[in-house]
Amino acid sequence: MIEMEDVYKKYPNGVWAVNGISVQIKQGEFVYVVGPSGAGKSTFIKMMYREEKPTKGTIMINGINLSKLRTSKVPLLRRNIGVVFQDFKLLPKLTVYENVAFALEVIEEHPRNIKRRVLEVLDLVRLKHKARFLPSELSGGEQQRVSIARSIVNYPKIVIADEPTGNLDPDSSWGIMEIFEEINNRGTTVVMATHNREIVNTIRKRVIAIESGRIVRDENRGEYGYDS
Ligand code: ADP
Ligand code: ADP
């Protein structure tokens with residue numbers, strides 16, 4: 001469960017990116033976050049995994065109050081939240097397998113479990129056959145599938161994605177959405193900021209629209225609602 005109560009975010013330059021957001025997202029929901037550029041979508045989702053701290057208000061993630069979370073406990077929170085970025089953020093010198101295994105090696109998971117889990121998630125994103133490839137040898141869609149595999153290799157309860165299809169062609173984007181749907185069908189909460197109108201209007205889910213740092217619309221099976 002993700003809960004925000006009257007959350008505000010002011011950046012050091014004086015910009016109020018989030019201006020009083022209260023919201024509840026239940027375990028297992030699939031939520032699109034839409035709105036114009038600069039509306040505060042990224043800031044809204046960055047606060048969920050403590051990449052940014054709120055200036056005011058309360059954020060609870062699975063019962064943990066992020067405002068009270070010590071910096072030393074942030075890695076523990078991140079283990080329960082997978083994050084997927086528009087630009088993949090893969091390590092270029094590591095293979096597909098190694099990129100995914102890295103997250104488990106950091107937490108000193110047993111080598112036998114690492115191999116099993118990495119192959120399991122690579123199978124889920126249909127890239128087991130490219131385990132030995134480097135990111136530069138993959139298409140954009142494939143690189144994003146690796147980054148999704150990496151985000152779920154810890155079996156997090158929540159996956160947060162910031163414009164995951166922003167750099168991809170339509171075909172690859174639909175493939176990425178299939179994977180997110182599958183992850184969601186297994187009970188994982190998915191929160192996705194997106195400008196992809198086609199996808200939002202076709203794969204209907206809850207839509208939270210943000211403008212000027214406020215929620216202006218929140219609908220189940222909602223529409224994208226903007227012209228571009
Ligand atoms: P969106 O994701 O909807 O495009 P953002 O959350 O990135 O919106 O940005 C919201 C507002 O906060 C914008 O005015 C943006 O310029 C500003 N902003 C975002 N990140 C920072 C930052 N690190 N420092 C200062 N201002 C920022
Ligand atoms: P996707 O739809 O997954 O994005 P593409 O249609 O772009 O995939 O690519 C099709 C095939 O071409 C993929 O199997 C991929 O491995 C291969 N490919 C694409 N770009 C490269 C590259 N830069 N180097 C090697 N193989 C590539």
Side-chain angles (χ1 to χ4, degrees), residues 2-25 29-61 66-67 69 71 74-75 77-78 81-90 140 143-144 147-148 151 156 158-170 172-173 176-177 180 184 189-220 222-228:
I2 301 170
E3 260 186 295
M4 291 197 186
E5 180 72 46
D6 213 20
V7 167
Y8 290 76
K9 174 65 186 182
K10 181 191 184 183
Y11 282 110
N13 63 357
V15 171
W16 286 92
V18 166
N19 278 301
I21 284 186
S22 298
V23 72
Q24 282 194 5
I25 298 171
E29 277 197 84
F30 194 126
V31 181
Y32 294 120
V33 180
V34 305
S37 287
K41 303 182 295 296
S42 289
T43 306
F44 172 62
I45 66 177
K46 279 178 180 167
M47 289 191 292
M48 293 175 188
Y49 58 97
R50 243 292 204 115
E51 178 69 20
E52 295 291 350
K53 281 190 191 179
T55 308
K56 264 198 315 188
T58 312
I59 303 175
M60 303 283 292
I61 306 287
L66 294 201
S67 322
L69 189 71
T71 307
V74 170
L77 169 81
R78 298 270 173 84
I81 303 179
V83 186
V84 175
F85 304 96
Q86 179 172 3
D87 59 355
F88 325 135
K89 298 198 193 298
L90 299 173
Q143 290 184 57
Q144 191 58 297
S147 104
I148 295 172
S151 79
I158 302 168
V159 171
I160 292 173
D162 199 349
E163 300 230 28
T165 63
N167 283 339
L168 305 179
D169 59 82
S172 306
S173 301
I176 292 300
M177 289 308 297
F180 278 118
N184 179 243
T189 306
V190 176
V191 180
M192 180 183 299
T194 184
H195 281 124
N196 198 317
R197 164 180 217 276
E198 275 271 298
I199 283 175
V200 174
N201 288 344
T202 306
I203 306 174
R204 290 298 182 100
K205 304 288 182 188
R206 178 174 174 188
V207 174
I208 293 176
I210 295 183
E211 290 174 25
S212 305
R214 292 186 186 85
I215 294 179
V216 294
R217 178 160 57 93
D218 183 350
E219 291 169 341
N220 288 322
E223 288 186 13
Y224 183 72
Y226 298 94
D227 289 338
S228 59

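Numbering of ligands and ligand atoms starts at 1, following listing order. Being a predicted model, the structure only gives us computed values, none of them experimental.
Using a distance-only test at 3.5 Å, with no hydrogens or angles considered, a donor-acceptor pair links the side chain of S22 to the main chain of D6. A donor-acceptor pair under 3.5 Å is formed between the side chain of R50 and the backbone N or O of L69.
Scanning all protein heavy atoms for the shortest distance to atom 2 (O) of ligand 1 gives S42 N, 2.8 Å. Closest protein heavy atom to atom 13 (C) of ligand 1: G38 O, 3.7 Å. The protein heavy atom nearest to atom 5 (P) of ligand 1 is T43 OG1, 3.7 Å. Among all non-hydrogen protein atoms, the one lying nearest atom 27 (C) of ligand 1 is Y11 CD1, 3.2 Å. For atom 17 (C) of ligand 1, the closest non-hydrogen atom of the protein is V15 CG1, 3.9 Å. Atom 12 (O) of ligand 1 has its closest protein heavy atom at A17 CB, 3.4 Å. At the shortest separation from atom 8 (O) of ligand 1 among protein heavy atoms lies G40 N, 3.0 Å.
In this structure, K46 forms no cation-pi arrangement with Y49, as its terminal cationic atom is not both closer than 6.0 Å to the ring centre and no more than 45° off the ring axis. A cation-pi arrangement is found for K205 relative to F30, the charged atom lying closer than 6.0 Å to the ring centre and inside a 45° cone about the ring normal. With F85 as the aromatic partner, K89 meets the cation-pi criteria of under 6.0 angstrom to the ring centre and within 45 degrees of the ring axis.
Here the side chains of K9 and F44 are not in contact, with every heavy-atom distance at 4.5 Å or above.
Checked against a 3.5 angstrom limit, the closest N/O atoms of K41 and ligand 1 fall inside it. Of the polar atoms of E52, none of the N or O atoms is found under 3.5 Å from an N or O of ligand 1, judged by distance alone.
Of all the heavy atoms of P36, the ones lying under 4.0 Å from any atom of ligand 1 belong exclusively to the backbone.
Residues K41 and A193 come closest through the heavy atom pair CB-CB, 4.4 Å. The shortest non-hydrogen separation linking R217 to Y224 is NH2-O, 2.8 Å.
Listed by number with element, the atoms of ligand 1 under 4.0 angstrom from any heavy atom of A39 are 1 (P), 3 (O), 8 (O). Close contacts of ligand 1 with S37, meaning ligand atoms under 4.0 Å from a residue heavy atom, involve 4 (O). Annotation for ligand 1: atoms under 4.0 Å from non-hydrogen atoms of N13 are 25 (C), 26 (N).
One finds the CD atom of E3 at 7.5 Å from the CD atom of E5 (value rounded to the nearest 0.5 Å).
For atom 25 (C) of ligand 1, a protein non-hydrogen atom is found at a distance below 4.0 Å.
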